[in-house]
Every structure is written in C-alpha cells, then in structure tokens.
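Just so we're on the same page: letters track the sequence lines, and every chain starts at 1.
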2 protein chains.
Amino acid sequence: MRDFDIDRIDGGAGVDAGKAVVITDGVAVPGFVMSFARNSEVYGEEEAAGFVYRVVSGVVRTVHMLSDGRRQVAAFHYAGEVFGLEAGELHRLCAEAVTDCRIAVVHRAALDRAAREDGAAARELWALAVRDLQRLQDHLLLLSRKGAVERVAGFLAEMVERTHAEDGVDLPMSRSDIADYLGLTIETVSRSFTQLERDGVIGLSGARRVALRNRDALADCAA
Amino acid sequence: MRDFDIDRIDGGAGVDAGKAVVITDGVAVPGFVMSFARNSEVYGEEEAAGFVYRVVSGVVRTVHMLSDGRRQVAAFHYAGEVFGLEAGELHRLCAEAVTDCRIAVVHRAALDRAAREDGAAARELWALAVRDLQRLQDHLLLLSRKGAVERVAGFLAEMVERTHAEDGVDLPMSRSDIADYLGLTIETVSRSFTQLERDGVIGLSGARRVALRNRDALADCAA
DNA sequence: CGTCCCCTTGAGTTATTTCAACACTCGTGG
DNA sequence: CCACGAGTGTTGAAATAACTCAAGGGGACG
C-alpha cells in the first residue's frame, strides 16, 4: 500500500544545497515534505530511526502496541511540532496520521550535524526534548492519580491550550484515540463527555466539536 | 530543621578551580557533595532550579503533590543518576531522600557553560535527558494499560534491571512510595506482592527484601 | 515491656470495564 | 431518491478490579 506522496517543497529563493526544511525556528536543514493519508503509518515501531519529522499540517499520534492488543497513545502532535527524535537507533513508538497530513522529513544525521556545528540549534533541540519530557510528566500525573472525568477534562484543557482555542475545540481524533491516550475505555470517555455536558462545562455539537461553556469549571474538573 | 550537611569533596590531585564533581563520565564541573537524611527534602516544588544533582550514594525520589493530598512519585534515582535538570527556571517536582544520601551538587550555569564549550559534554547531557524520556514512556504504558499485579511485577523488573541484581533486590522505598509510583494504594501493592509470592514468582523476607524465584515468570507477569 | 510505624489481611463499597443494544453519519449503489 | 452497510458514538445493565475502612501483626527502638 502506498498511502503517502512525496511533495517536493518548492525551493523558494536562494535555497540550493537541497530543499531546506525548517525544523525549529532556528534550525533548517535539507529535507522534503510528504503527504500522508488519514490513519496511514508514518513510521513503525522498532523501525530504524533515520529521520526526524515535523508536522506541517494535520495531526499525528504516536502509539505503543502491547502483544495482546492493548494500545497506548503516547502523544498527539500538532502543526509545528517535532516528533520521531530518538535516543537509540530504533523508533520505540509508531507514528500514524490522525488526519490527512503534510509532514516535513529530514535526515537525523543532518540534524545531528547542525546541532554539532551550531550551539543555538543544539539548544533549540534540547528545549524540544525537555518540553516533551514535561508534557510526559504532566500526563503521568493524569494517568496515575486521576478519575475518568478529571482525565477527560484534563485532555480538553490540554487541547484548548495547545490550539490556543477561544470558544471551542475541534477534536480530530476518535474516541478510541482519546481513550487510549487517557488509559480509559471508549465507553467511559463517552460517558465523561456527556457528564461534562450535563454539568454545563462544555457543549457538544457532534462528537468532535466541543464548545467551551465554562472554562473555569473545566479547569476545576481537571483538578 | 537542618537535615543536610555540606561535605566538601576532598580535592584530590590537581583539582584547583573549585572542587571538581563528576556529573557524567565526560562531564566534571565545580561543585560539592552534600549529605541528606532519610526523608529530607533536596529541593522543593516551584523552587528556583539553580542546581543540578547527581546521586553519589543512596536513593532519591522525585514527587508531585496535588492540592488535595494525592501524591505521585515520578521517579526513583539510584547512585550515578542525575536529577533536577529542568527546562524552565523552576523545579516542577520536589526531590526527597528515600534513604540517607550523599548527593553531588553543581551550578546549573556551570553545566550550561560546559555544554556550550564542549560538544561531547552536550551530547552526554542530551543522552541523559533522552534516557529519562524513555523511562517515562515505559512508565506511561505501565500506568495507562496495566493491572495491579502487572504494575508491581513491572516495578520489580525495573528495579532488578537497574540494580543489576542476580538473585534478589532490596527495596529501599516504602510501600507508600511504591504505591504512589505505580498509581495504586498501599493495600493493593501489598496484596500484589503477596500474590506474586503465592504464585512462586518471588520470595519475601521482610517487606523490603525480594528474592527472585522465577525471573521468566516475573517478566511474564510484567507483560 | 510498651509504643510507634509500617505492613498485611479482610469485608464491603465504588469506579470503571465489559457486554450488548441502539442511534447517527456518510458513502455507495440500486 | 432511498436503501443499505460500515464505521463511530452513545447508553444501559451486569461484572470486576481496585479502593476504603477497619482491625491486627511484627519489628525497631526507647
């Protein structure tokens, strides 16, 4: 199955040493942009980690599968975010397109070289890794000590913050993705949404559009 | 309360620009070593993150507290491990001594300088951060999708691996620490230990000494 | 010897999961 | 245009895993 396309970035003015792709504000290295269809795989678990990725448009999830079918969504990545940066030689998670996506791809070696030659670039990459670390720590707290409604409220609060939403959020991911992100079942996620709606915290217009009725109450529910 | 002591490291040969403290194999910067009593605080939540720490001896835990008293142990740190490395200006967790500890302390600024001047040092620090990230990802999986016995077995497996234990492990931390690390109650942790013992996976000689009866079975239980 | 702290065990309760049924949306094809 | 089916989300009822509350055991230390 070929569910992606290489979509060479148009060079623009003055880019010659390969097509330049921006990875963070201060880091641009040769690379290209690819399109991925909804639910297609960007890279697989245990695959060689030769590339690093940045979401140009769309949303990506990183996923862990257990042998018995239990699934865990480790993170969602929005436009502008970098993923696939690994310590070892292999990807420890698999990455999939939640929506149709355009994704910038660069050689890891090129990024390593940029980091070695440019201190500022190295620090930006460092900052990226540490931000991931802190998101993960927050998520850990959510998973270890919070109830179902708190988790869902926390998830919504995170999405509101990350998309800089004012009056409502679109959720591109399915209930199943949310459940596997929060360590719940889809039924429990669904019930928590309904409860938040009953409590006047949110409004639902279709499963994937959430209106913010009371942001303070949402923050409270997230505890 | 003064529950720590500054224990100047003896300079050794040729160290002159301040006492040198090793942070990782390739990174040594000026610093000092302090002693902390069991259960004393190394640094507090929301405190300025001006220092970085390395465990010389003993075990340290990093902890998150929720307003309503719920507690989460984010990680345990053994001898040789670095903690307290933050992205922002403040510590997001608090660090406490699980046992009496000796801890090497360096100025964060000194470490930043070392990283800026020495590419190899920067890469070692990067590796540290990424290793933390991966531990955290594994822990996330454990918390989101595993049952009580699986969590406890996973915890034991982690401790066995990290202490390079052959026939058994000493657990310096209390049941309460383990519970807050695994997102369970002390009662459930206790029951899970008993069940692993009944199933012939481990042996218990006192609450804090675990004998490995069947490593394969332990790995199975951890799933 | 007694006290304190930590750990274990039991019994009843609660939150979440499981299983099952049904509703809605969206293409496709008659 | 409507019928159909697949995919996705909601809801209810029963089952279960973990939690809470309560009591008791055992070691360390004064």
Visitor: Taking atom C1' of D:dT20 as reference, at what distance in whole Å does atom CZ of B:Arg70 sit?
Guide: 15 Å

Visitor: To the nearest Å, how far apart are A:Arg145 CZ and D:dC19 C1'?
Guide: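 So the CZ-C1' distance, A:Arg145 to D:dC19, works out to 10 Å.
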
Visitor: Do A:Glu81 and A:Tyr53 have side-chain N/O donor and acceptor atoms under 3.5 Å apart?
Guide: no

Visitor: Using whole Å, report how far CG of A:Leu171 lies from P of D:dG9.
Guide: 10 Å

Visitor: For A:Tyr181, is the NZ or CZ atom of A:Arg71 found under 6.0 angstrom from the centre of its six-membered ring and inside 45 degrees of the ring axis?
Guide: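 No, cation not above the ring by the 6.0 Å, 45° rule.
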
Visitor: For the side chain of B:Arg175, starting at C-beta, report the closest nucleotide among D:dA18, C:dC7, C:dT16.
Guide: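 When the side chain of B:Arg175 is considered, C:dC7 is the closest of D:dA18, C:dC7, C:dT16.
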
Visitor: Using C1' atoms of five pairs at each end, report the bend of the helix from C:dC1-D:dG30 to C:dG30-D:dC1 rounded to 10 degrees.
Guide: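 Here the local axes at opposite ends form an angle of 20°.
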
Visitor: Look at A:Thr188 and C:dT16 and indicate whether a side-chain polar atom (N or O) is within less than 4.0 Å of OP1 or OP2.
Guide: no

Visitor: Which whole-number value in Å describes the distance from B:Gln195 CD to C:dT8 C1'?
Guide: 15 Å

Visitor: Between A:Tyr43 and A:Phe51, is the ring centroid distance below 6.0 Å?
Guide: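 No, they do not, as the ring centres are separated by 6.0 Å or more.
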
Visitor: Should B:Arg70 and A:Glu150 be marked as a salt bridge (Lys or Arg N to Asp or Glu O under 4.0 Å) after you check the CA-CA gap, both sets of side-chain angles, and the distance that decides it?
Guide: CA-CA 13 Å; B:Arg70 285 178 291 189; A:Glu150 284 176 308; 2.8 Å; yes

Visitor: Please classify the nucleic acid contact of B:Leu184 as base, sugar-phosphate, or nothing, using heavy-atom distances under 4.0 Å.
Guide: sugar-phosphate

Visitor: Please classify the nucleic acid contact of A:Arg208 as base, sugar-phosphate, or nothing, using heavy-atom distances under 4.0 Å.
Guide: sugar-phosphate

Visitor: Within the sub-3.5 Å range, which N or O atoms of nucleotides 10-14 of chain C have a protein N or O partner, and how far apart are they?
Guide:
residue : atom : partner  : partner atom : Å
C:dG10  : N7   : B:Arg191 : NH1          : 2.9
C:dG10  : O6   : B:Arg191 : NH2          : 3.4

Visitor: Should B:Thr194 be listed as having a side-chain N or O under 4.0 Å from OP1 or OP2 of C:dT9?
Guide: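 Yes, such a contact exists.
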
Visitor: Between D:dT11 atom P and A:Ile186 atom CD1, what is the distance in whole Å?
Guide: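 Interatomic distance, CD1 of A:Ile186 to P of D:dT11: 13 Å.
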
Visitor: Kindly say whether B:Val55 contributes a backbone atom to a donor-acceptor pair with the side chain of B:Arg102 at under 3.5 angstrom?
Guide: no

Visitor: For a quick test of reading the model, state the closest non-hydrogen atom pair linking B:Thr62 to B:Ala95 and the distance between them.
Guide: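 Heavy atoms only, the tightest pair is CG2-CB, 4.2 Å.
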
Visitor: Would you verify whether the NZ or CZ of B:Arg162 falls within 45 degrees of the ring axis of B:Phe76 while also being under 6.0 Å from that six-membered ring's centre?
Guide: no

Visitor: Rounded to the nearest Å, what distance is computed from the CD1 atom of residue B:Ile178 to the P atom of nucleotide C:dC6?
Guide: 13 Å

Visitor: DNA chain C: A:Val149 or B:Gly206, which has the more 5' nearest nucleotide?
Guide: B:Gly206

Visitor: Name the one of B:Leu171, B:Val73, B:Leu156 that satisfies side chain to side chain contact (heavy atoms under 4.5 Å, CB included) with B:Ile178?
Guide: B:Leu171

Visitor: Give the intermediate values and the outcome of salt bridge (Lys or Arg N to Asp or Glu O under 4.0 Å) for residues B:Asp100 and B:Arg38.
Guide: CA-CA 4 Å; B:Asp100 291 341; B:Arg38 201 163 88 87; 5.8 Å; no

Visitor: Would you sort out whether A:Arg208 and A:Asp170 count as a salt bridge (Lys or Arg N to Asp or Glu O under 4.0 Å), showing the intermediate values?
Guide: CA-CA 6 Å; A:Arg208 298 190 177 200; A:Asp170 280 305; over 6 Å; no

Visitor: How close or far is atom P of C:dC6 from atom CE of B:Met173, stated in whole angstroms?
Guide: 15 Å

Visitor: Under 4.0 angstrom, heavy atoms only, what part of the nucleic acid is A:Ser174 near: base, sugar-phosphate, or nothing?
Guide: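 Sugar-phosphate contact only - A:Ser174 comes under 4.0 Å of backbone atoms but never of a base.
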
Visitor: To the nearest Å, give me how far apart CG (A:Asn39) and C1' (D:dT8) are.
Guide: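 The distance from CG of A:Asn39 to C1' of D:dT8 comes to 12 Å, rounded to the nearest Å.
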
